[in-house]
Structures are given as C-alpha cells and as structure tokens.
K.L.:
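I have a structure here, written as structure tokens, and I will follow up with some questions on it.
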There are 2 protein chains.
Amino acid sequence: MIQSLTHLDREHLQEALNRSGQKVTTQRETVFSVLLSERDHPTVDEVFNRAREAMPGLSLATVYNCLETFVSCGLVRQVNHERESTRYCPNLAPHAHFRDKETGRVHDIELPPEVIKSLRSILPPGFDSEVIEISFLGRAQGKESTSN
Amino acid sequence: MIQSLTHLDREHLQEALNRSGQKVTTQRETVFSVLLSERDHPTVDEVFNRAREAMPGLSLATVYNCLETFVSCGLVRQVNHERESTRYCPNLAPHAHFRDKETGRVHDIELPPEVIKSLRSILPPGFDSEVIEISFLGRAQGKESTSN
DNA sequence: TTGCGGATTAGACTCATTCTAACTGATTGA
DNA sequence: TCAATCAGTTAGAATGAGTCTAATCCGCAA
Ligand SMILES: [Mn+2]
Ligand SMILES: [Mn+2]
Ligand SMILES: [Zn+2]
Ligand SMILES: [Zn+2]
C-alpha cells in the first residue's frame with residue numbers, strides 16, 4: 001500500500017525540485033511516495049508496478065524520468081550491484097549497502113564518520129574522492145526490511 | 001604490446017584452471033596475458049581488441065568465455081562502476097578501486113587489513129559478509145597507470 | 001584411426017536503459 | 001477569453017552489453 005506523502009516529505013520534495021528549477025507534478029509525488037513507503041531499494045520496474053496502483057496511467061518512461069530527476073537533485077541515490085538493474089534509495093544519510101545472497105534484499109548499513117575517515121586515509125596523495133560506495137555481499141539472518 | 005606469459009604466470013594459470021577441471025588453451029593464455037600486460041582494468045572490448053593483435057581469429061564470444069572462466073576459478077575479479085561495461089582485474093590482493101572522473105581510468109588502492117576489520121565492524125549482528133566492494137569516485141592528479 | 005567432450009565460434013537474442021517525437025496541460029499575458 | 005509557450009509525460013523505437021544456441025574444432029585416449 002502506498003501512503004501519500006506527509007506534509008514534511010512533500011515539502012522536502014518541493015524544496016529539492018524548486019532548488020533545481022523543476023516542478024512538482026502528481027507523477028513525481030507518486031513516485032517519490034513509492035520510494036518512501038517501502039524502503040527496500042526497489043528497481044525501476046518495482047517502482048513502476050507499485051506506483052501504477054495509485055496512478056494507473058503512469059508510464060514506465062515517466063518512472064525513469066522521475067527517478068533520474070530525483071537523483072539529479074540529490075533526493076535519492078542509485079544503488080548498483082554488479083550488473084543487476086539499478087535500485088533506488090531515499091536514505092540520504094551516509095550508508096553502505098548489504099546485499100543478501102539468499103533473498104536478494106538490500107539493507108542499509110549505517111556508516112560512522114570514523115569509518116569514512118579510515119577509508120579516505122587509504123588514498124595515496126593526489127587522489128581526491130567525492131563519492132565512496134561500499135557494498136557487502138553475504139547473508140543476513142531473520143531480518144525484516146525496514147518499512148517506513 | 002602484449003607480452004607472452006612468464007613461466008610463473010603460465011603455471012599460475014594452469015594450476016587455477018586444473019583445480020577447477022578446465023583446460024589451458026591458447027585463447028585462454030592470450031586473454032590472460034592481455035590482462036597481465038597492462039593492468040588498467042580493461043573492458044571486454046578492450047581485451048578483445050588487444051588480444052586480436054596476437055591472435056587475429058579470436059572471437060568476442062571466446063573473450064567473454066575466457067574472462068568468465070577466469071572469474072569462476074578466482075584468477076581475476078570483475079569490477080563494476082555504476083552501469084558501465086564490466087572491467088577485469090588480475091590483482092588478487094585485497095584492494096579498492098578508484099575511478100578517475102576526468103580520465104575514466106581505474107586505479108587499484110591497497111586495502112590494509114585494519115581497514116577491512118573496521119568495515120566489518122559496522123555490520124549489525126546477524127549480518128555475515130563474504131565480499132566487500134569499495135569504490136571511490138574522484139580525481140587523481142598526474143598518475144600514470146600501473147603497467148606490469 | 002576414430003570417438004568423445006570440452007572449447008571455440010558466429011550470429012541470434014535478451015532486456016535494462018536511452019532516445020525520439022508527438023501529445024498534454026498548466027501558466028502567462030494580450 | 002484565447003492562444004502561445006514550455007516543462008513534463010507518453011508510447012514506442014533504438015541501443016548495446018551481455019547471454020544463449022547450435023554448429024564446428026581439436027586434443028586426447030581407446
Ligand atoms: Mn554502486
Ligand atoms: Mn562493483
Ligand atoms: Zn540505501
Ligand atoms: Zn583492481
């Protein structure tokens with residue numbers, strides 16, 4: 001079930017879109033609310049199928065467009081694992097991803113600042129990095145996905 | 001220029017292939033020597049083009065097959081960055097990858113055991129990880145690629 | 001020699017993603 | 001009120017890395 005956006009989330013969306021000169025549309029609200037409703041790192045197709053329940057006429061192209069828009073205004077991160085379909089994550093806190101081999105589920109792993117520092121410290125002089133991506137592959141026992 | 005395999009590298013190849021019940025072929029030797037000649041994380045197409053110089057009849061399908069074989073016997077790692085073409089790396093030491101935004105070049109970054117430990121330590125109880133992938137995106141000044 | 005089984009090969013196919021070009025609908029301002 | 005404008009949406013075509021298929025090839029052992 002897709003919840004509609006809370007007042008705060010709607011403001012967050014509006015603020016980020018306005019900041020990059022883009023408009024709030026019902027499609028964008030719907031797609032964004034899908035991402036917030038179940039924080040399980042859905043693929044484009046999963047987002048599409050969930051969003052269609054609330055908005056039957058929505059097209060796949062628009063889902064691609066919305067997600068690309070959100071990424072470009074920093075509302076959402078793309079998550080890639082090997083060459084599988086790209087997944088989307090609305091968690092803006094620094095975090096790593098843990099991919100469960102059995103279930104395929106992707107979990108957020110909080111990334112403390114000191115670990116980030118320790119990672120930056122392995123870069124030789126002359127290397128300057130803006131983005132660090134960390135992903136674990138393994139098994140997670142009996143964890144349920146974090147719903148919103 | 002593709003160098004042919006040293007005695008040691010040929011043994012390494014043979015040993016790994018035999019261990020998983022597969023045969024040494026001239027195609028596999030050629031593809032493997034391409035990977036060792038220039039350790040710049042080439043894509044399949046780059047491997048194909050380099051290997052064809054030494055072996056003109058070689059097919060793209062075989063390059064895919066060889067690389068898959070090497071990955072499955074642990075001779076080589078796949079390296080993915082977002083949704084770009086997969087790259088291949090024969091460096092078996094634990095290391096992260098640094099992707100230069102300007103040049104697209106991929107550099108190996110040594111990964112000290114204590115950093116690996118610090119990463120594992122952020123996993124909540126119940127999460128058990130076999131593989132950790134770390135990739136940096138940024139700029140590297142005036143570094144040449146590591147040739148062999 | 002001959003037969004077997006793994007390896008190689010060309011080309012067809014898949015499918016996530018990108019591109020294109022037509023359409024929609026809100027906004028503006030004459 | 002009406003028409004122009006223009007970002008956004010849409011269906012469907014195109015792209016391209018990777019996979020699959022089915023026909024040879026070839027080294028080895030009986
Ligand atoms: Mn990634
Ligand atoms: Mn990767
Ligand atoms: Zn996440
Ligand atoms: Zn590497």
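Protein chains get the first letters and strands the later ones, always in sequence-line order, with residue 1 at the start of each. All heavy atoms count here, side chains included; hydrogens, waters and symmetry mates do not. Keep in mind that what you see is a predicted model, and the values were worked out from it rather than measured.
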K.L.:
Could you state the atom-to-atom distance from CG of Asn18(A) to P of dG8(D) in whole Å?
P.N.:
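So the two atoms are 11 Å apart, to the nearest Å.
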K.L.:
Is a side-chain N or O of Arg83(A) found less than 3.5 angstrom from the main chain of Glu84(B), in a donor-acceptor match?
P.N.:
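Checked: pair present.
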K.L.:
Working to the nearest 0.5 Å, report the span between CZ of Phe136(B) and CD1 of Ile134(A).
P.N.:
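Between atom CZ of Phe136(B) and atom CD1 of Ile134(A) there are 7.5 Å.
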K.L.:
Could you encode protein contacts along nucleotides 4-16 of chain C as a string, one character per nucleotide from 5' to 3', using B for base contact, S for sugar-phosphate-only contact and - for no contact, with a heavy-atom cut-off of under 4.0 Å?
P.N.:
--SSSBB-----S
K.L.:
Show the nearest heavy-atom pair for residues Cys66(B) and Arg28(B), with the distance to one decimal.
P.N.:
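Distance-wise, the nearest heavy atoms are SG-CG, 3.7 Å.
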K.L.:
Under 3.5 Å, is there a donor-acceptor pair between the His41(A) and His97(A) side chains?
P.N.:
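Present: a donor and an acceptor within the cut-off.
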K.L.:
Rounded to the Å, how far apart are Leu17(A) CG and dG8(D) C1'?
P.N.:
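It works out to 12 Å between those atoms.
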K.L.:
Can you tell me the distance, in whole Å, between the CD atom of Glu68(A) and the C1' atom of dC19(C)?
P.N.:
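Taking atom C1' of dC19(C) as the reference, CD of Glu68(A) is at 13 Å.
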K.L.:
As an exercise, state the distance from CG of Leu35(A) to OH of Tyr88(A), rounded to the nearest 0.5 Å.
P.N.:
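Here the rounded value is 9.5 Å.
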K.L.:
Please name all residues satisfying side-chain contact (heavy atoms from CB on, under 4.5 Å) with Glu102(A), sequence neighbours left out, ordered by chain then number.
P.N.:
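Per chain and number, Glu102(A) pairs via side-chain contact (heavy atoms from CB on, under 4.5 Å) with Asp100(A), Arg139(A).
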K.L.:
Which protein N or O atoms sit under 3.5 Å from an N or O of nucleotides 23-26 of chain C?
P.N.:
none

K.L.:
Between Glu29(A) (CD) and dG8(D) (P), how many Å, whole number?
P.N.:
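Those two atoms, CD and P, are 14 Å apart.
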K.L.:
Can you find a pair of side-chain heavy atoms, one from Ile122(B) and one from Pro112(A), that are under 4.5 Å apart?
P.N.:
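Counting from C-beta outward, Ile122(B) and Pro112(A) do come under 4.5 Å.
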K.L.:
At what distance, to the nearest 0.5 angstrom, does CZ of Arg10(A) lie from OG of Ser4(A)?
P.N.:
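That separation rounds to 6.0 Å.
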